[in-house]
Amino acid sequence: SVTDLYDQIRNLITSSADEECGITFPEDVIVETGTDSYYVPLDEDAGLYYAEENEQIPPAEIEEITNPEGEVDPTVLVPDVNEPMYYSEVDSTLLGLFEPAIYEPVNETANRPEGTTAFTVTITSCPETYDAPSSEVTDPGGDIYEASCLLKNQACFATEDTTTAGTRRLKRQRDLMETTTDNFTMYAIIHPEAVNCLNTDGSSYNRVKLLQQQGYYVEILGQPITSTDLYETQPYIKDHIDQDVGIKDSIALHAFTFEEHKAVVVLDYNTQLLQPLHDEINDLVADPNKQVKYVRDKDGGVSKNGFMIIKPSKAKFEEIRQEYINTPYDPVTGWNGEGHNTFKGKMGLKGFFSYKASKDPSWEELDRCIYNNQLDDFCISQIDVDNSKVVRHSKKVCGEPRDCPYDHPKWSAQKKMQCRKSHEKYFKSRDAFETKYLIKSKIQEPVGLFKSKSFMGFCKGPGRKNYLGFTKAVYRKPDWQILCPRMQCPPGTYVKNDCTCTALDNPCDACPGNTRCQLEPELWCIDCNCGFCDRDNVSCCEFNGVNNCKDGAGLNNDCIMQKDFFPAFADGSGNVCSGVEISDTAQPNGCGCKPNDTTPCTYNPDLQDKYDDRCFICTTEDIANGGCPSCTECLEKCDSCIGEISSTSVDKYKQCLKRMDETCRVSCNAACNKPRNPFWL
């Protein structure tokens, strides 16, 4: 079976996995669950819904995207983005394994490995103590186990080449840890207030132990610049920094002290490394005139912990610390009267680093769209994300991958494509990590169908609660679903249900049995039982047992086009099942699927009636009873008679339809589809 094949491949690779990059998942917390109704093939172009009211958001209420940074209201992308950070039951159990502890001050620097490249992530607070809205916090909350695993995996990848993977263990066994970039050490710098954090049951868990279990070197360090340091020289910053980034912001400066390492790469939990960094690291190490390689964020400030490569020096650390304390800052004129104060973080390291970089020739600026692509309008116009080395995910731009975000309805086609690519790269990284390095007895199969191409089967719907993370319950594949090994069909072809690719001239071969193939305006496979129903909700069509739809059990007087029971279908005669194009762009629950080049087209027909979406094409009876207002509005443009009828007489509406131009009626096809029912609430 495909599942057995997955396991064979995974076991083969894992058996030779590099321990430096591998993670063993605690078996005690693995939970396997059944196949619930959430396996709904909701397409990415389905409507957007308010999370609480369960009502579709009118397009007019979705604000235009006018800022050049490409930021949008994050609640449009993710319905639950500003709710308290989500912890699944399994997340809470997993975190509970790491019992809280109190640490005495010790000199941990003596334990630092020497000669490797250090990768650092900084944690300043517990999730429950951040002042900013959840949509602005980079802390992964309940996903910290997965996020930390993948961040470490990226460091492994960034320092790996064709010879590295096979020699890392051998070098370690022979005590031959050369001072090159093919070895790395993963660090977490944690503020003392971020060590023991609250779990959902009110108990505490220990983030130090969690990260150490994954192979991180953890250092508990306070901020090197305190309010006392600022008292005399920076009174404005001392009094106002809490309204900007907070006094703990300077903790990232500790990365400069890691002298045991040739170089330090500074990251945060929104950073994704897409390509190796050998050349950049080696160039910095080899050049005595270079100290830092930095990037700017899309707002113009220097990124202090999103991405930076440092040649560590305790002397430089103290130099920067003293310069920060003693360089005059004014809220109007900025740092030393030279600005660098027009962005969030202006009073912290971001603002000061921006000033420092303008003065110090040892600070080299890297192209931000290559090394800090935040998917803003400028970077999208300059580079394809495939050519970037570093991507920064954001809840306000494309949405973070683990949040399973919608596409914004007012994005350009180019923006939509770049966002989808960036998400796909995250899930490809996750898939590669699980395949090669994660030691876990039960792996989540890619059964999610929400935006299945870019989310690669790991999202069952929009929002954080619909993410199929590897620290959450493992959902079994339902019987109706078909999974194939990871594959990519050539351009213009699609995955068939037998896990092969269609021919270029036969895309309909990707459609499963019991469906009709729609070619325009988009390729869709539509269940024969869906769409057309008579007045008693009996389907007009059924599967002919071969490869198409035939007349079903519905009343003939309703199901033939001449009877005008379907107001937007008038270009023919005979049963609506005979060659009629529905021209749909988003399938209701359980009524079909959209072929793509990576996964087979599959859906659950049992959901058609559960969500009452089977009869999704508006009928004349619906219009007469006041339903389908968008359909009525469209038809009124063809002939005003449709809006002048005061009774609920179906016959009067049919008489009006007969006088309409057929081409105009057919143009209302899309408007005469009933709204979809959201399933995830």
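What you are looking at is a predicted structure, and each value in this text was computed from that prediction instead of being measured.
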**Report entry** Carboxylate-amine/guanidinium contact D287 K311, below 4.0 Å
**Finding:** no
Query raised in the report: Is a salt bridge present between D229 and R321, judged by a nitrogen-to-oxygen distance below 4.0 Å?
Result: yes
Query raised in the report: Is K350 paired with D299 through a side-chain N to carboxylate O contact shorter than 4.0 Å?
Result: yes
Report task. Inspect the contact between E319 and K356 and indicate whether a charged nitrogen and a carboxylate oxygen are less than 4.0 angstrom apart. Result -> yes
Query - Residues which pass side chain to side chain donor-acceptor pair (under 3.5 Å) with H393, listed by chain and number, not counting sequence neighbours - result: Q272
Query raised in the report: For the residue pair H254 and F317, does the interplanar ring angle fall in the parallel (under 30°), tilted (30 to 60°) or perpendicular (over 60°) class?
Result: parallel
**Report entry** Partner residues of Y205 under the ring-ring contact (aromatic ring centres under 6.0 Å, His included) criterion, sequence neighbours left out
**Finding:** none
**Report entry** Under-4.0 Å salt bridge between E193 and K248
**Finding:** yes
**Report entry** Pairing of R430 and E434 as salt bridge, 4.0 angstrom limit
**Finding:** yes
Query raised in the report: Looking at D279 and K389, does any basic side-chain N land under 4.0 Å from a carboxylate oxygen?
Result: no
Report task. Assign the ring pair H240 / Y236 to parallel, tilted or perpendicular, where the plane angle (0 to 90°) is split at 30° and 60°. Result -> parallel
Requested in this report: Tell me yes or no: between the side chains of T159 and T117, is some donor less than 3.5 Å from an acceptor?
Outcome: no
Query raised in the report: Is any side-chain N of the basic residue among R420 and E424 closer than 4.0 Å to the acidic one's carboxylate O?
Result: no
Requested in this report: Walk me through it: do V195 and N206 pass the test side chain to side chain contact (heavy atoms under 4.5 Å, CB included)?
Outcome: CA-CA 6 Å; V195 171; N206 185 274; 3.5 Å; yes
Report task. Decide side chain to side chain contact (heavy atoms under 4.5 Å, CB included) for L274 and V391; before the verdict, give the C-alpha distance in whole Å, the side-chain angles of both, and the deciding distance to 0.1 Å. Result -> CA-CA 7 Å; L274 303 181; V391 164; 3.4 Å; yes
Query raised in the report: Does N196 reach the main-chain N or O of A101 with its side chain, forming a donor-acceptor pair under 3.5 Å?
Result: yes
Query raised in the report: Do Y329 and Q234 come close enough that some side-chain heavy atom pair is under 4.5 Å?
Result: yes
Requested in this report: In sequence, state the C-alpha distance, the side-chain angles, and the governing distance for Y269 and L151, and then conclude on side chain to side chain contact (heavy atoms under 4.5 Å, CB included).
Outcome: CA-CA 7 Å; Y269 279 111; L151 199 64; 4.2 Å; yes
Query raised in the report: So W363 and Y294, would you call those rings parallel, tilted or perpendicular, with 30° and 60° as cut-offs?
Result: tilted
Requested in this report: Run the salt-bridge test on E400 and R464 with the 4.0 Å N-O cut-off and return the result as yes or no.
Outcome: no
Query raised in the report: Between E219 and R112, is there a side-chain N and carboxylate O pair less than 4.0 Å apart?
Result: yes
Query raised in the report: Checking Q374 side chain against K298 main chain: does a donor-acceptor pair fall under 3.5 Å?
Result: yes
Query raised in the report: Less than 6.0 Å separating the ring centroids of F25 and Y145?
Result: yes
Query raised in the report: Is any side-chain heavy atom of E323 closer than 4.5 Å to a side-chain heavy atom of F352?
Result: yes
Query raised in the report: What do the steps show when you test I123 against D139 for side chain to side chain contact (heavy atoms under 4.5 Å, CB included), and what is the final call?
Result: CA-CA 8 Å; I123 303 176; D139 192 291; 4.1 Å; yes
Query raised in the report: Under a 4.0 Å N-O cut-off, is there an ion pair linking D386 with K425?
Result: yes
**Report entry** Distance-only donor-acceptor check, side chains R296 and S354, under 3.5 Å
**Finding:** yes
Query - Candidates F455, Y406, F458 - the one meeting ring-ring contact (aromatic ring centres under 6.0 Å, His included) with H423 - result: F455
Query raised in the report: Taking the side chain as C-beta and beyond, is there a heavy-atom pair between P113 and Y217 under 4.5 Å?
Result: yes
Requested in this report: Fit a plane to each ring of Y324 and W335, take the angle between them on a 0 to 90° scale, and name the class: parallel (under 30°), tilted (30 to 60°) or perpendicular (over 60°).
Outcome: tilted
Query raised in the report: Are side-chain heavy atoms of H191 and S125 found at a separation under 4.5 Å?
Result: no
Requested in this report: Taking the six-membered ring for Trp and the single ring otherwise, decide whether the centroids of H261 and F184 are under 6.0 Å apart.
Outcome: no
Query - From L366 atom CG to S303 atom OG, the distance as rounded to the nearest 0.5 Å - result: 11.0 Å
Report task. With the side chain counted from C-beta on, respond yes when L230 and I225 share a heavy-atom pair under 4.5 Å apart, and no when they do not. Result -> yes
Requested in this report: Compare all side-chain heavy atoms of I23 with those of I439 and state whether any distance is below 4.5 angstrom.
Outcome: no
Query raised in the report: Is the shortest distance from a Lys or Arg side-chain nitrogen in K472 or E146 to a carboxylate oxygen in the other one below 4.0 Å?
Result: no
